[in-house]
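Nothing fancy with the numbering, it's 1 onward along the sequence.
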Amino acid sequence: MLAGDRSLRWESAVEDLAGSANGLPARRLVGVGVGPGEANLITLKAVDVLRSADVILVPSTERSGTGPGRAESIVLEVCPELRERIRRVPFSMADRQGVSPRRAEAWQVSAAAVLEAFDEGAQLVCLATVGDPSVYSTFSYLAAEVEKALPQLLTEVVPGITAMQALAAASRTALTEGTEVLALVPVTAGMGTVERVLEVADTVVLYKAGRQMSAVVEVVRAKRPDDVGLVGTEIGLPDQSIRPLAEVPESETAPYFSTVLVAPVRPTTGGRL
């Protein structure tokens, strides 16, 4: 579809919805967290909402290509009967920072898919997203675009289990105890930010390490040499990997969605209460 065609489709959907809003039940857009990857970590509430949805949007990224992405795979494994309600929408993961033209266009195309679903009569549209919709999720961008066109829209979130929780559970590492402080940092915020947080927080979780894994390894070794350091990928999936950060070669890169966990050594039980 050409960009001009998408723009006309967007404008048409907005006009149709604006003209038919009176007297209809409230339309709902719900971000549904489906967990980090292991299908049985999806919540009962998430399953209930997905089964109630008229249309289920799932992210289609460069990584998933023409096949199902992780969120779609989880939904289909848990609720195979919902296959016909699923629609793929583009979300670009190629641009790491900033509102690039490609990223902005993806938001608008995805928002147009929501408006089109409502125009076709849907009352409940869901976006299934990996992890939690409130944590570095594409849902917030989608909701913002749709709310511009439909201020009366009801927007809701169903929380999901995050990658840091899955890694902590799989490695039997407590995220926090007593008065400890937990910090979540995207490596894309810059290594300076990572360094500062490592200095002030007890437990630090780093997302989006990917191509900067070598820099992460170097900084953690320098700032927290005696603490527990782990890197996890594909947690809960057949190709799961959890390794001590000390064993990761400094020249190594990692998948974009790798999770790094740095936690303090706790020599006594309840010592931080």
Side-chain angles (χ1 to χ4, degrees), residues 35-38 41 59-65 67-71 73-74 91-98 100 102-103 129-132 135-138 161-176 181-266:
E38 190 176 353
L41 289 181
S60 176
T61 67
E62 293 87 354
R63 182 181 181 185
S64 59
R70 181 173 297 186
S73 297
I74 294 170
F91 282 98
S92 179
M93 304 301 295
D95 302 316
R96 299 309 192 206
Q97 289 180 297
S100 65
R102 174 168 46 190
R103 181 170 281 166
T129 180
V130 170
D132 184 283
V135 180
Y136 301 127
S137 170
T138 53
I161 294 173
T162 63
M164 67 176 174
Q165 292 169 289
L167 176 56
S171 64
R172 282 294 294 116
T173 304
L175 284 174
T176 55
V181 175
L182 169 66
L184 174 60
V185 186
V187 175
T188 50
M191 294 310 301
T193 298
V194 173
E195 289 186 40
R196 289 193 296 273
V197 174
L198 284 168
E199 292 173 354
V200 299
D202 297 289
T203 300
V204 179
V205 178
L206 304 175
Y207 277 5
K208 307 179 184 181
R211 291 176 292 187
Q212 299 191 67
M213 183 58 72
S214 60
V216 168
V217 171
E218 181 180 354
V219 167
V220 173
R221 286 175 178 171
K223 294 290 184 181
R224 308 279 288 269
D226 299 323
D227 285 353
V228 176
L230 300 170
V231 56
T233 57
E234 310 295 341
I235 305 300
L237 299 176
D239 49 352
Q240 169 181 296
S241 171
I242 300 176
R243 293 182 292 166
L245 207 59
E247 297 179 4
V248 178
E250 289 189 5
S251 60
E252 183 171 309
T253 59
Y256 181 68
F257 287 115
S258 297
T259 301
V260 174
L261 171 60
V262 182
V265 175
R266 303 173 178 105

Do Val228 and Val265 come within less than 4.5 Å of each other through their side chains, counting heavy atoms only?
yes

Contact check, side chains of Glu252 and Val217, non-hydrogen atoms, under 4.5 Å
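Not touching, per the 4.5 Å side-chain cut-off.
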
Where is the tightest heavy-atom contact between [X] and [Y], given as atom of each residue plus distance?
X: Pro264; Y: Thr203; result: CD-OG1, 3.4 Å
X: Val194; Y: Val187; result: CG2-CA, 4.3 Å
X: Leu175; Y: Ala168; result: CG-CB, 3.7 Å
X: Ala254; Y: Met213; result: CB-CE, 3.7 Å
X: Ala183; Y: Ala201; result: CB-CB, 3.7 Å
X: Gly35; Y: Ile74; result: O-CD1, 4.1 Å

Donor-acceptor check, side chain of [X] to backbone of [Y], threshold 3.5 angstrom: yes or no?
X: Arg211; Y: Thr253; value: no
X: Arg224; Y: Asp202; value: yes
X: Gln240; Y: Gly236; value: yes
X: Tyr207; Y: Thr188; value: no

Measure the spacing between [atom1] of [X] and [atom2] of [Y] and express it to the nearest 0.5 Å.
X: Arg172; Y: Leu167; atom1: CZ; atom2: CG; result: 12.5 Å
X: Ile242; Y: Ile235; atom1: CD1; atom2: CD1; result: 4.0 Å
X: Leu41; Y: Ile161; atom1: CG; atom2: CD1; result: 4.5 Å
X: Glu234; Y: Thr259; atom1: CD; atom2: OG1; result: 10.0 Å
X: Lys208; Y: Ser258; atom1: NZ; atom2: OG; result: 13.5 Å

Which one of Thr162, Leu182, Val185 satisfies the side-chain contact (heavy atoms from CB on, under 4.5 Å) criterion with Val205?
Leu182

Could you point out which residue of Thr129, Asp132, Val130 forms a side-chain contact (heavy atoms from CB on, under 4.5 Å) with Ser137?
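Only one option passes, and that is Thr129.
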
Would you say Thr193 and Arg196 are linked by a side-chain donor-acceptor pair, where the criterion is simply a distance under 3.5 Å?
yes

Apply side-chain contact (heavy atoms from CB on, under 4.5 Å) to residues Val262 and Lys223 and explain how you reach the verdict.
CA-CA 11 Å; Val262 182; Lys223 294 290 184 181; over 6 Å; no

